[in-house]
Amino acid sequence: MLPVPELDNQEYDEILDMAINTVVSRFPEWTDFNAHDPGITMLELFATIKESEQYMIDQISRENRIKFLKLMGIKRRVKRPARTLVFMRTDTPCELMQGHKLDAGGIHFETVGENFLSTYDIHMCIAMRGDEVLDQIAHGQMEFGGKDFFNCFGADPQEGDICYIGFDKQPLFGDPMRIYLLVDNDYPVRRNPLFVRKGLRWNSAEKSYDEIPGKNEGDEMDFASPVSLRWEYHTVHGWEPLEILQDQTCGMLFDGFLSLKQLEPSAPVTVGGQEGYYIRAVLERGGYEVPPVMNGLSVNICEAVQRDTLVEYEVFPASDRVYMNTELSVLGRSEVYLERDGLWYPADEMEKGLLETTGKTYYSINDGKLQDSDRVLVINRDMSFLHRTRIGDGSGFPNQRIDLEDYEVMEEPFAILVHEIDSEDAYRLWTRVSDFENSGPEDHHFVIDSENGVLKFGDCIHGMAPEGEIRLAAYARTKGVGGNVRKGKINRFVSELLPSIEVSNILDGTGGFDEETLDESFLRAKRRIMQSECAVTAQDYERYVRHTPGLMIENCQVLYPDEVRASERHVDENTIYMVVQPYGYRPGSPINVCYENNITAWLERFRMLGSPIHIFFPEFIEVEVYADLMVKPQYRQVEERVREAVTEYFDGLKGQFGKPVILSRLYGFIDRQDFVLGIRSLTMDAKGHAIRRTHEGDIILPAQGTVVLTGVRTFLTVG
């Protein structure tokens, strides 16, 4: 960041003394510098004005600081609600509407989307290879957060292996089946989380939502899964394919929801000696870096967000009947408006009811003006919030402010209707903007300052000033960081519509944070400026590769052209050569082509133009050591001690590419062991591509090569 100059750096006496000294040098005939002299009085006046002006110009306003952030591409973070996952148990199947309010000790959460609760659940999981049972787990062992784990395809997944998921009752068909899978990721190298939209990503390792770093924030990467699963369910005709509506797990790699649809009733079948209703996942092709392990799964899981929606609205195409499926549409007071020429007019006649078949709320509109309308607006208000329907009246004067007296108000989805002064019953939906910089005098814009709970309007030059009644059209509250509740804190529904359903959040509420202060925004901007947003140095490329979404990268190293030239014929000086080692990659095992595709697609965001990228995967050089030693007689199990010493030396070479194995260093390491009396001979045998040997017995590896100790042969003589 550029240094901020200090403009108010002179006191009054210093300014006056400087002026008097200037007079002495320029006007020698002026000799009276006492206070009674009119000239000194004028200098004192100007010194006072100068000190005051210096103070004022050194004060940078809040608005200016926000604009400085905007110039740097930084937007202050607003309050963000926490999120969690809730497990529900019911004796009667039912469909949950969006926005069902849940209670966590006085803190309100709301269900996200529409969810169907069933009376059945998963009671058995079996992994099989042909007729062999690889792993098996029962319902009582699949409690979320428990200590039992299930290897979905056994300890060593192979193509053709099958994961069976069984239900205790016949699943309903025709409607989507939504299963949540909690995947264990407790490995020394964690799988990088996938990005999601709106600047957040779900971190399955940490069980939290993180902000996306780097450029192109909010973009979603097209991740190519290294495995392909075929989902099927059993019917009277045998195994039939399931329609995959959504797979957040990307083939059981991540936590997430799996939405499937079966088109006909399922039939019972016996699997591994257990009869039940089963669906199954067949590992068709590809391979996992590590075996997928589940720590819980259920069909009765839904996502919840820490939010209290008090007013909501939705816009529909013009129709005499529209439908909504939210809790507030059922329990709240509803208003319907009809649009004509961009203005909204209250509907004269409206009937509200509840469909018995689906539970959705319908609005029947009997208004002659409907045929001339373009759209229909429905507003639902919480009964406890009706006194805030009208939040003020516009005066037509610039820079109006309305204090909402609420520090928990959310910027999104705040919305207002403003009465048009030229029409008796017309309202207009005003547009929320971040600031009035690009607003004109005719723009119906407003700014919501959620940090201070204030609604702001323009100055009639940048943004129009309202003149008329101002109504809330959408209003929600969140506690920010206060919504990060502990696991198990959510224990009931707020309303009495669903009294028989047991609820409990299986994860801690995470991702909630408060409004960012300006000082915090500038600190974040300073950190961002210090970080490179494109790959320039070798360290930049290595850092970005290690964080490739969806992959498990154990090691990565940029190779210089001179290093590559020793093993490759055609080397381009402008190409970035890299060796990447996936976690769990074993010598001789093939690398899935999706790995290279994902890395290349990810680096496209950061690489410099004209810098092609070539990726090597590790070349494992197998080394066997032959040692003829004289050992001391007082030591036992000397042969095992020699193997341990040689293994310790080669462990120090792990993760290093292209580093030669120096025989003399191994010689010295073994010679320093307490049990060694002398070394008669020490040699190494190596196998691999493009290796070279020196006269001293050293092994020179290719640039992408890394050493693997395959054996130690000893010939011992007791001295």
>> Under a 3.5 Å threshold, yes or no: a donor from one side chain and an acceptor from the other, between N115 and R178?
In response: yes
> Would you call K79 and E411 a salt bridge, using N to O less than 4.0 angstrom?
Replying inline: no
> Any luck finding a side-chain donor-acceptor pair between E312 and T326 under 3.5 Å?
Replying inline: yes
> So, are R280 and E232 salt-bridged, with charged N and O less than 4.0 Å apart?
Replying inline: yes
> Is there a donor in the side chain of D121 and an acceptor in the side chain of S298, or the other way round, less than 3.5 Å apart?
Replying inline: yes
>> Could you check whether S521 and E516, counting side-chain N and O atoms only, form a donor-acceptor pair closer than 3.5 Å?
In response: yes
> What residues form a salt bridge (Lys or Arg N to Asp or Glu O under 4.0 Å) with E412, not counting sequence neighbours?
Replying inline: R432
> Does the side chain of L134 reach to within under 4.5 Å of the side chain of D161, using non-hydrogen atoms?
Replying inline: yes
>> Students often mix this up, so state it plainly: with edges at 30° and 60°, are the rings of H123 and Y278 parallel, tilted or perpendicular?
In response: tilted
> Can the ring centroids of H234 and Y277 be said to lie less than 6.0 angstrom from one another?
Replying inline: no
>> Within this structure, what is the CZ-OH distance for the pair R546 and Y544, rounded to the nearest 0.5 Å?
In response: 14.5 Å
>> Looking only at the side chains, is there a donor atom on one of Q656 and T706 sitting less than 3.5 Å from an acceptor on the other?
In response: no
>> As a quick check of understanding, evaluate side-chain contact (heavy atoms from CB on, under 4.5 Å) for Y541 and R607, giving each step before the final call.
In response: CA-CA 8 Å; Y541 279 98; R607 75 177 182 90; 3.9 Å; yes
> Any chance the side chains of E515 and S450 put a donor and an acceptor closer than 3.5 Å?
Replying inline: yes
>> My understanding is that only residues two or more places apart in sequence, or in another chain, count here; which of them pass salt bridge (Lys or Arg N to Asp or Glu O under 4.0 Å) with E408?
In response: R477, K479
> Looking at CG of L260 and OH of Y233, how far apart are the two atoms once the value is rounded to the nearest 0.5 Å?
Replying inline: 11.0 Å
> Are a donor atom and an acceptor atom from the side chains of D247 and T249 found within less than 3.5 Å of each other?
Replying inline: yes
> After noting the C-alpha distance and the side-chain angles of T537 and D540, does the key distance pass the side-chain hydrogen bond (donor to acceptor under 3.5 Å, both in side chains) rule?
Replying inline: CA-CA 5 Å; T537 66; D540 293 336; 3.2 Å; yes
> For residues 259-279, which residue pairs qualify under salt bridge (Lys or Arg N to Asp or Glu O under 4.0 Å), counting only residues two or more places apart or in two chains?
Replying inline: none
>> Is it true that E289 and Y595 share a donor-acceptor pair across their side chains at a distance under 3.5 Å?
In response: yes
